[in-house]
Amino acid sequence: MTLAALGPRLAASEAKAKVVVVGGGIGGATAAKYLAASARTIEITLVEPNPNYTTCFFSNLYLAGLCSLESLTHGYKTLAQRYGINVIHDSVAAVDPVARTVGLKSGPKLPYDRVVVAPGIAFNYDALAGYDEAATQVIPHAWNAGPQTQLLRRQLESMEDGGVFVLVAPPNPFRCPPAPYERASLIAYYFKQYKPHSRILILDAKDSFNAQDLFLDAWERHYRGMIEWLPAQFTGGIKTIDVKERSVKTASETFKAAVANVIPPQMAGQFTQQNGLADKSGWCPVDPITFESKLQPGIHVVGDATSAGDMPKSAFVANSQAKACAFAIAEALAGSERVPPRLFNTCYTHLGPDDAVSNAVSFKPVAGTIKIVDNFVSQVQESAETRHRTAREAQSWYAAFVRDTFGYAAF
């Protein structure tokens with residue numbers, strides 16, 4: 001059944017339509033909140049196994065000792081109490097599109113008219129020899145914030161001055177394109193304060209990276225001689241991770257680390273692989289207006305798991321997609337005409353505590369995909385005052401963004 005066909009049937013019904021949102025990250029929490037705010041005739045259930053969500057964005061500030069992990073951790077109480085969302089802390093076993101039920105791992109099945117899936121990312125461990133989920137307890141990825149981030153922070157704190165921090169950056173596409181290089185920048189700031197003889201080595205699966213000119217400029221200004229970036233064309237690519245030795249083998253050399261941070265190749269969350277939502281690319285193709293799956297009608301996918309044209313995998317993109325999806329579902333359930341969404345991305349990246357850059361991008365659906373309409377990006381030649389102001393704006397942005405997603409002020 002298509003989204004348009006669903007509308008009149010539900011609009012004529014006296015019973016509340018039921019929407020189940022799977023996953024309480026940025027995409028899922030935003031979708032649930034905006035569905036609740038847009039239509040009182042919809043009963044919304046949010047299924048999320050964890051009682052709190054820690055944002056991966058801004059977690060590099062925590063690694064640098066510039067904020068607490070508690071300040072990045074948020075709960076669902078406001079969504080439940082103020083917005084009337086039924087929050088269930090459980091995992092989803094499967095979605096049955098014929099019976100139109102979402103089965104919980106604890107046993108119950110939730111009937112639905114629409115499902116919104118926001119599963120985030122999974123890691124393709126098979127693509128990286130010697131590195132698996134067990135290895136993350138020794139060499140963390142810290143690409144899902146929480147215990148992994150704390151582990152990496154403890155390792156950095158206990159590292160002797162003069163050691164080498166080796167960061168393995170993944171191939172495209174992956175969550176938050178500037179983030180590995182922001183991580184290198186902020187850990188260099190930490191080293192500069194407390195371990196000035198230490199250095200950072202980035203072993204990249206790529207030959208170039210997002211905002212490369214901005215990072216190279218910042219590394220020269222702030223951290224001269226501390227950060228070395230080796231592209232794949234120089235090393236021949238990552239071949240093997242030796243967890244016991246904490247070393248990374250490339251085609252040309254083996255690099256020993258005092259602390260290693262391996263960020264694996266990524267794909268859509270496992271839930272999508274198991275429920276027929278991801279294609280051979282490992283990501284989920286979606287309708288660019290409604291974010292309904294192109295593979296499973298009646299199920300919408302938002303956030304990092306999507307294959308959404310020019311849109312990167314970022315928190316703001318997840319938030320923007322979730323709003324568009326919520327409005328599309330509300331319009332269909334009310335029997336209204338679909339309106340093409342306005343889609344955006346805003347990203348703040350820290351090069352140091354008082355040096356931040358930003359970008360602002362707008363998108364629109366075009367010919368079955370999503371294309372960039374307009375784009376602002378910080379420039380290398382910006383003044384120190386401009387960068388200071390951007391760093392201050394980033395803090396305000398974070399507080400406003402959390403309020404928009406979870407319904408309350410972050411701090």
Side-chain angles (χ1 to χ4, degrees), residues 1-13 15-23 27-28 30-32 34-35 38-39 41-47 92-104 109-120 122 267-309 311 317-318 320-341 343 364-370:
M1 183 180 293
T2 66
L3 185 64
L6 181 66
R9 178 176 68 84
L10 292 175
S13 172
K16 280 190 174 184
K18 293 178 171 59
V19 177
V20 178
V21 180
V22 180
T30 302
Y34 273 79
L35 277 164
S38 63
T41 56
I42 304 174
E43 181 182 309
I44 301 137
T45 300
L46 174 63
V47 183
V92 172
V95 175
D96 185 337
V98 177
R100 301 180 75 81
T101 59
V102 172
L104 302 180
K109 293 184 178 181
L110 308 175
Y112 72 82
D113 294 294
R114 286 277 141 177
V115 174
V116 180
V117 175
M267 57 187 175
Q270 289 294 338
F271 181 88
T272 68
Q273 317 290 334
Q274 297 161 358
N275 287 274
L277 295 165
D279 61 18
K280 291 182 180 179
S281 73
W283 304 98
C284 303
V286 292
D287 182 284
I289 296 176
T290 66
F291 291 88
E292 185 173 5
S293 169
K294 290 184 176 181
L295 303 179
Q296 295 286 352
I299 302 176
H300 302 251
V301 186
V302 296
D304 293 340
T306 61
S307 176
M311 301 192 86
V317 160
S320 184
Q321 291 178 355
K323 290 175 183 176
C325 177
F327 295 146
I329 290 173
E331 288 162 359
L333 297 179
S336 303
E337 183 180 353
R338 293 188 299 178
V339 178
L343 299 163
K364 70 176 181 180
V366 177
T369 187
I370 299 172

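All heavy atoms count here, side chains included; hydrogens, waters and symmetry mates do not. Numbering starts at 1 and runs along the sequence shown. A quick note: this is a predicted structure, and the numbers were derived from the prediction, not measured.
When all heavy atoms of Asp113 and Ala17 are compared, the closest pair comes out as OD2-CA, 3.3 Å. Between Gly23 and Leu46, the closest heavy-atom pair is O-CD1, 3.5 Å. Pairing each heavy atom of Glu331 with each of Arg338, the nearest pair is OE1-CA, 3.7 Å. Among all heavy-atom pairs drawn from Lys16 and Ile42, the shortest one is CD-C, 4.4 Å. Across Phe271 and Pro119, no two heavy atoms sit closer than the pair CB-CB, 4.4 Å. His300 and Thr290 make their closest contact through ND1-O, 3.0 Å (heavy atoms, listed as atom of the first residue, atom of the second, distance).
Atom CD1 of Ile44 sits about 7.0 Å away from atom OG of Ser38, to the nearest 0.5 Å. With rounding to the nearest 0.5 Å, the separation of OH in Tyr112 from NZ in Lys18 is 13.5 Å. The line from CE of Met267 to CD of Gln273 is 5.0 Å long, rounded to the nearest 0.5 Å. Separating the NZ atom in Lys364 from the OG1 atom in Thr369 is a distance of 13.0 Å, to the nearest 0.5 Å. The line from CZ of Phe327 to OG of Ser336 is 13.0 Å long, rounded to the nearest 0.5 Å.
Looking at residues two or more places apart in sequence or on another chain, you find a side-chain contact (heavy atoms from CB on, under 4.5 Å) between Leu110 and Val20, Thr45, Val47, Ile88, Val102, Leu104. With sequence neighbours excluded, no residue forms a side chain to side chain donor-acceptor pair (under 3.5 Å) with Thr272. Shown here are the side-chain contact (heavy atoms from CB on, under 4.5 Å) partners of Val286, two or more places apart in sequence or in another chain: Phe291, Val301, Thr306. Under the rule for a side-chain contact (heavy atoms from CB on, under 4.5 Å), the partners of Gln296 that lie at least two apart in sequence or sit in another chain are Pro97, Leu277, Ser293, Ile299. With sequence neighbours left out, Tyr34 forms a side chain to side chain donor-acceptor pair (under 3.5 Å) with Asp404. In terms of the side-chain contact (heavy atoms from CB on, under 4.5 Å) criterion, residue partners of Thr101 (sequence neighbours excluded) are, by chain and number, Asp96, Ala99, Lys109. Take Asp279 and apply the side chain to side chain donor-acceptor pair (under 3.5 Å) test, not counting sequence neighbours, and it matches Ser281.
The list of salt bridge (charged side-chain N to carboxylate O under 4.0 Å, His left out) pairs with a residue in residues 294-305, not counting sequence neighbours, reads Arg175-Asp304.
Taking 4.5 Å as the limit, every side-chain heavy atom of Leu333 sits out of range of all side-chain heavy atoms of Thr41.
Side chain of Gln321 to main chain of Gly303: a donor-acceptor pair is present (N/O by atom type, distance under 3.5 Å, no hydrogens or angles).
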